[in-house]
Amino acid sequence: MCIRDRSMTSRENHRHQSLAVRLQQLCARLLSRARDAEAQHTNCRSELGGCQAKLEKTLEERDGANLQALADREALEEIKGLWRAHRPNFERVGFSPGPK
């Protein structure tokens with residue numbers, strides 16, 4: 001019976017060792033995945049910062065273009081108003097701005 005008990009103990013020890021090795025492998029894989037995820041997170045953060053800077057620049061350019069378009073419309077309205085005010089003078093002397 002003692003031999004049989006040792007045999008069982010030996011089998012149990014072998015099983016425990018196998019499980020310990022498997023657990024160690026799984027922990028190593030998990031650690032590797034965690035490190036990869038951390039690196040990816042860092043890369044994503046960096047990319048996000050670049051995207052935010054690009055967005056800010058694009059918004060500033062858009063706002064500048066909108067302000068310029070507004071100034072152009074105001075200038076056009078001013079020119080139209082001046083033309084309406086002075087058009088009779090031009091028509092008196094026979095000037096025509098183009099085909100009617």
Side-chain angles (χ1 to χ4, degrees):
M1 231 160 124
C2 285
I3 295 174
R4 191 166 204 185
D5 289 341
R6 283 188 207 158
S7 175
M8 291 294 277
T9 304
S10 176
R11 283 186 201 155
E12 287 175 358
N13 281 341
H14 178 69
R15 176 144 172 80
H16 284 272
Q17 286 176 351
S18 295
L19 290 173
V21 168
R22 182 70 180 138
L23 181 60
Q24 189 176 15
Q25 290 170 342
L26 291 174
C27 286
R29 279 176 51 196
L30 183 60
L31 180 60
S32 175
R33 286 182 180 176
R35 286 181 180 148
D36 289 346
E38 186 177 356
Q40 187 176 7
H41 173 76
T42 301
N43 290 341
C44 288
R45 280 259 186 222
S46 175
E47 233 178 272
L48 177 62
C51 288
Q52 287 174 331
K54 203 174 197 182
L55 174 63
E56 285 298 319
K57 182 180 178 189
T58 301
L59 291 175
E60 287 174 9
E61 289 173 358
R62 181 205 61 192
D63 293 346
N66 285 342
L67 289 173
Q68 185 60 49
L70 179 61
D72 290 348
R73 282 194 299 274
E74 290 171 350
L76 181 61
E77 287 302 315
E78 183 181 352
I79 291 168
K80 284 180 181 179
L82 291 171
W83 170 249
R84 282 188 218 106
H86 295 287
R87 185 176 183 175
N89 296 335
F90 286 101
E91 289 175 343
R92 264 188 262 134
V93 294
F95 176 78
S96 176
K100 292 185 180 184

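- We find the OG1-NE2 distance between T9 and H14 to be 14.5 Å, quoted to the nearest 0.5 Å.
- For L55, the side-chain contact (heavy atoms from CB on, under 4.5 Å) test picks out L59, with sequence neighbours left out.
- The pair E91-R87 counts as a salt bridge, with a side-chain nitrogen and a carboxylate oxygen less than 4.0 angstrom apart.
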- Query: Under the side chain to side chain contact (heavy atoms under 4.5 Å, CB included) criterion, do R73 and L70 qualify, and how do the steps go?
  - Reply: CA-CA 5 Å; R73 282 194 299 274; L70 179 61; 3.9 Å; yes
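- Partners of N89 according to the side-chain hydrogen bond (donor to acceptor under 3.5 Å, both in side chains) rule, which considers only residues two or more places apart in sequence or in another chain, are R92.
- Looking at heavy atoms from C-beta onward, Q25 lies in side-chain contact with V21 at the 4.5 angstrom threshold.
- Taking CG from L67 and CZ from R62, the interatomic distance works out to 10.0 Å, rounded to the nearest 0.5 Å.
- Residues that satisfy the side-chain contact (heavy atoms from CB on, under 4.5 Å) test with D72, not counting sequence neighbours, are Q68.
- For L30, there are no side-chain contact (heavy atoms from CB on, under 4.5 Å) partners two or more places apart in sequence or in a different chain.
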Distance-only criterion, 3.5 Å: show the donor-acceptor pairs between side-chain atoms of residues 38-54 and protein atoms not counting sequence neighbours.
from	atom 1	to	atom 2	distance (Å)
T42	OG1	E38	O	3.0

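- Each salt bridge (charged side-chain N to carboxylate O under 4.0 Å, His left out) pair with one or both residues in residues 20-35, not counting sequence neighbours, would appear here, but there are none.
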